[in-house]
Engineer: 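One structure follows; several queries about it will come next.
Since we're looking at a predicted model, the values are computed, not measured.
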Amino acid sequence: GDKWAIGKEQIDLYETSRKMVDPNGTGLVDGAAAFPLFVKSGLEKSELALIWQLSDTHQRGSLNRAQFHVAMHLIMLRCKQNLPLPQVLPPPLAAHIINFEKFQ
């Protein structure tokens with residue numbers, strides 16, 4: 001399969017993390033809420049900034065559910081598989097966000 005695609009088990013895992021940083025269930029996670037979680041990855045701040053930029057597709061300073069999944073997935077792939085970060089959002093990740101937003 002495509003290394004960038006997010007599997008069902010991964011979504012469940014990312015949702016668990018998301019609920020911790022969105023305790024009121026607003027569906028949006030801003031940078032201040034996400035930062036402590038993302039920093040735990042041990043990635044450089046510059047890499048985390050790129051991940052945020054790639055994930056926050058509307059540049060609104062907060063991530064919806066699908067965008068949060070994308071950010072977590074990029075962090076995981078960078079940490080666990082040492083994949084270089086893409087400069088543009090890979091199609092499976094862009095599609096994950098678009099498909100989610102279609103049904104909002």
Engineer: Between the side chain of Gln81 and the main-chain N/O of Arg78, is any donor-acceptor distance below 3.5 Å?
Structural biologist: no
Engineer: Please examine the side chains of Met72 and Phe38, heavy atoms only from C-beta on, and report whether any two atoms are closer than 4.5 Å.
Structural biologist: yes
Engineer: Can you tell me how far the CD atom of Gln67 sits from the CG atom of Leu54, to the nearest 0.5 Å?
Structural biologist: 11.5 Å
Engineer: Could you tell me whether the side chain of Asp22 and the main chain of Gly27 form a donor-acceptor pair under 3.5 Å?
Structural biologist: yes
Engineer: Just by distance, do the side chain of Asp56 and the backbone of Arg60 share a donor-acceptor pair under 3.5 Å?
Structural biologist: yes
Engineer: Please examine the side chains of His69 and Ile97, heavy atoms only from C-beta on, and report whether any two atoms are closer than 4.5 Å.
Structural biologist: no
Engineer: Would you say that Lys45 contacts Phe35 through its side chain, given a criterion of any heavy-atom pair below 4.5 Å between the two side chains?
Structural biologist: yes
Engineer: Hey, does Ser55 have a side-chain heavy atom less than 4.5 Å from the side chain of Ile51?
Structural biologist: yes
Engineer: Output the distance between atom CD1 (Ile11) and atom OG1 (Thr16), rounded to the nearest 0.5 Å.
Structural biologist: 12.0 Å
Engineer: Check Trp52 against Gly61 and note the closest heavy-atom contact, atom names and distance.
Structural biologist: CZ2-O, 3.5 Å
Engineer: Any side-chain heavy atom of Asn99 sitting closer than 4.5 Å to one from Lys102?
Structural biologist: yes
Engineer: Hey, any chance Phe100 and Val29 share a hydrophobic cluster, counting ILVMFWY side chains that come within less than 4.5 Å of each other, even indirectly?
Structural biologist: no
Engineer: Going through the checks in order, is the side chain to side chain contact (heavy atoms under 4.5 Å, CB included) test met by Gln10 and Met76?
Structural biologist: CA-CA 10 Å; Gln10 289 165 313; Met76 286 298 193; over 6 Å; no
Engineer: Verify the cluster assignment for Val70 and Met20: are they in a single hydrophobic cluster under the rule of side-chain heavy atoms below 4.5 Å apart?
Structural biologist: no
Engineer: Do the side chains of Leu37 and Ser17 get nearer than 4.5 Å, heavy atoms only?
Structural biologist: yes
Engineer: Given the rule that I, L, V, M, F, W and Y join up when any side-chain heavy atoms are under 4.5 Å apart, are Ile6 and Ile98 in one cluster?
Structural biologist: no
Engineer: Sub-3.5 Å donor-acceptor pair from the side chain of Asn64 to the main-chain atoms of Ala66, do we have one?
Structural biologist: yes
Engineer: To the nearest 0.5 Å, how far apart are CD in Glu44 and CD in Glu47?
Structural biologist: 6.5 Å
Engineer: Please examine the side chains of Leu77 and Trp4, heavy atoms only from C-beta on, and report whether any two atoms are closer than 4.5 Å.
Structural biologist: yes
Engineer: Any link between Leu28 and Leu63 through a network of hydrophobic side chains (Ile, Leu, Val, Met, Phe, Trp, Tyr) touching at under 4.5 Å?
Structural biologist: no
Engineer: Can you tell me how far the CD atom of Gln53 sits from the CG atom of Leu89, to the nearest 0.5 Å?
Structural biologist: 11.0 Å
Engineer: Any side-chain heavy-atom pair from Leu48 and Ile75 closer than 4.5 angstrom?
Structural biologist: yes
Engineer: Glu101 and His58: side-chain donor and acceptor closer than 3.5 Å?
Structural biologist: yes
Engineer: Look up atom NZ in Lys3 and atom NE2 in His73, then write down how far apart they are to the nearest 0.5 Å.
Structural biologist: 10.5 Å
